[in-house]
Amino acid sequence: MTSKLLSTLPSDLNPEKIPQHIAVIMDGNGRWATSRGLPRIAGHRQGAKTLKELLRCCKDWGVKALTAYAFSTENWQRPVEEVDFLMHLFERLLHRELAQMLREGVRISFIGDLSALPKSLQTEMERSMTETLNNQAIHFTVAVNYGSRNEITKVCRQVAQLVQQGKLNAEQVNESLVEQHLYTADTPEPDLLIRTSGEMRLSNFLLWQMAYTEMYFTDILWPDFNREAFHQALLSYQRRVGVARRRHRRFGQLKASLSA
Ligand code: FPP
């Protein structure tokens, strides 16, 4: 099926069970490129096109939030040329795509320790976050220099400081307070995680936020993850979701009655 045919929601998908928030781990860019005799950076360039297409598809099909893992705290260990290329790619794309995101009602956010990124990239990020803040069609979050353990440690430090300053009692520290200090404070938890290229790990991505998220793993390499592949991911999600949500509720009841 061509992507054109899939611009409206495929008829075998239930519009009432579309995940509201999808997280993606975009894996396999390097392998996609090397298998074609291309440099790894060609895979990232193609991967960025795939991400853009997925964002548009999410918007077309009624997904309200998409969060993509673009650069982890561990990715600094890659060859310096590859890191430089990725930083330039983020900046170039932001610059180039901002007008269209504004037109299409996309709100963009960045999460992670942005202070370690090149200053010119930080400026573009700030600008795009401010300019798109009131857009409503879809919330697109890009995790850059992000690591979940780092995020949770930062929250612990902030909360400890509040206690130390006497602004909070230790007894007031609860899950909701922790959530308010996460980068994702204003976004509901992901309903579905998609990871490409056959890896079945979370790799330090949204560990707190994905406690109840459905997971979908596929062997497809990220640059090849097209609308049809996304369609298959949603079909799998919709087959599982009714049962899983009921199971989750049952666990909740069981836990409640055990602790009573
Ligand atoms: C993982 O594949 C991919 C990355 C670390 C980079 C992802 C970045 C993009 C797709 C560009 C997105 C652009 C924006 C603006 C967010 P890999 O290199 O680990 O592939 P491999 O496992 O085959 O080596």
Side-chain angles (χ1 to χ4, degrees), residues 22-59 65-102 104 106-114 116-118 120-129 131-132 138-148 150 183 193-206 217-226 229-230:
I22 298 179
V24 280
I25 303 182
M26 309 178 286
D27 210 357
N29 291 347
R31 275 164 285 168
W32 181 91
T34 13
S35 72
R36 286 167 171 73
L38 299 169
R40 290 175 55 83
I41 55 171
H44 297 316
R45 205 179 283 125
Q46 190 60 34
K49 289 188 185 149
T50 299
L51 180 60
K52 186 178 163 191
E53 178 63 13
L54 178 67
L55 176 64
R56 179 157 304 128
C57 189
C58 282
K59 194 169 80 71
L66 175 69
T67 298
Y69 203 6
F71 194 88
S72 73
T73 44
E74 289 75 32
N75 283 156
W76 294 108
Q77 286 150 24
R78 293 184 174 217
V80 67
E81 306 80 48
E82 188 173 339
V83 171
D84 282 353
F85 176 85
L86 280 169
M87 295 299 151
H88 280 113
L89 180 67
F90 298 149
E91 195 172 327
R92 252 197 346 262
L93 283 174
L94 259 186
H95 196 76
R96 209 177 59 203
E97 302 295 333
L98 182 60
Q100 189 169 358
M101 287 196 283
L102 275 167
E104 295 192 8
V106 178
R107 174 182 169 199
I108 188 163
S109 299
F110 291 91
I111 58 170
D113 180 5
L114 308 181
L117 304 175
S120 54
L121 176 56
Q122 288 184 47
T123 309
E124 283 297 330
M125 287 173 159
E126 289 300 334
R127 189 165 76 95
S128 60
M129 284 194 274
E131 291 190 18
T132 63
I138 188 165
H139 188 183
F140 177 41
T141 302
V142 185
V144 184
N145 194 22
Y146 174 87
S148 208
N150 187 284
Y183 292 125
L193 167 77
I194 298 172
R195 182 169 189 161
T196 53
S197 93
E199 310 289 347
M200 296 191 189
R201 293 185 299 278
L202 289 181
S203 300
N204 205 12
F205 188 41
L206 302 176
F217 300 102
T218 170
D219 288 340
I220 296 174
L221 302 177
W222 176 254
D224 291 328
F225 191 79
N226 59 16
F230 182 48

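These numbers come from a predicted model, not from an experiment. Whatever order the structure lists ligands and atoms in, that order sets their numbers, starting from 1.
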Can you tell which of F85, W32, F90, Y69 gets a heavy atom nearest to atom 13 (C) of ligand 1? F90
Could you work out, for atom 19 (O) of ligand 1, the closest of R40, R78, K52 by heavy-atom distance? R78
Output yes when K49 and E53 qualify as a salt bridge under the 4.0 Å nitrogen-oxygen rule, no when they do not. no
Does a side-chain N-to-carboxylate-O contact under 4.0 Å join R127 and E91? no
Nitrogen or oxygen atoms of N29 and ligand 1 under 3.5 Å apart: yes
Examine G30 against ligand 1 and note whether any of their N/O atoms are separated by less than 3.5 Å. yes
Ligand-side contact atoms (ligand 1) for residue partner [X], heavy atom cut-off under 4.0 Å:
{"X": "R31", "value": "21 (P), 22 (O), 23 (O)"}
{"X": "V142", "value": "16 (C)"}
{"X": "N75", "value": "5 (C)"}
{"X": "L93", "value": "13 (C), 15 (C)"}

Any side-chain donor-acceptor pair under 3.5 Å between R195 and S203? yes
Would you please say whether a donor-acceptor pair under 3.5 Å links the side chains of Q100 and E104? yes
Once you restrict to heavy atoms under 4.0 Å, what part of T50 touches ligand 1? Side chain, backbone, both or neither. neither
How far does [atom1] of [X] sit from [atom2] of [Y], to the nearest 0.5 angstrom?
{"X": "M26", "Y": "I194", "atom1": "CE", "atom2": "CD1", "result": "12.0 Å"}
{"X": "C57", "Y": "F225", "atom1": "SG", "atom2": "CZ", "result": "9.0 Å"}
{"X": "L66", "Y": "L51", "atom1": "CG", "atom2": "CG", "result": "6.5 Å"}

Give a yes or no answer on whether the side chain of N204 reaches the backbone of S148 with a donor-acceptor pair at less than 3.5 Å. yes
Is there a donor-acceptor contact under 3.5 Å from the side chain of T196 to the main chain of D27? yes
Sub-4.0 Å heavy-atom approach of S197 to ligand 1: no
Name the closest protein heavy atom to [atom], giving the residue it belongs to and the distance to 0.1 Å.
{"atom": "atom 4 (C) of ligand 1", "value": "H44 CE1, 3.9 Å"}
{"atom": "atom 6 (C) of ligand 1", "value": "A70 O, 3.4 Å"}
{"atom": "atom 1 (C) of ligand 1", "value": "M26 O, 3.1 Å"}

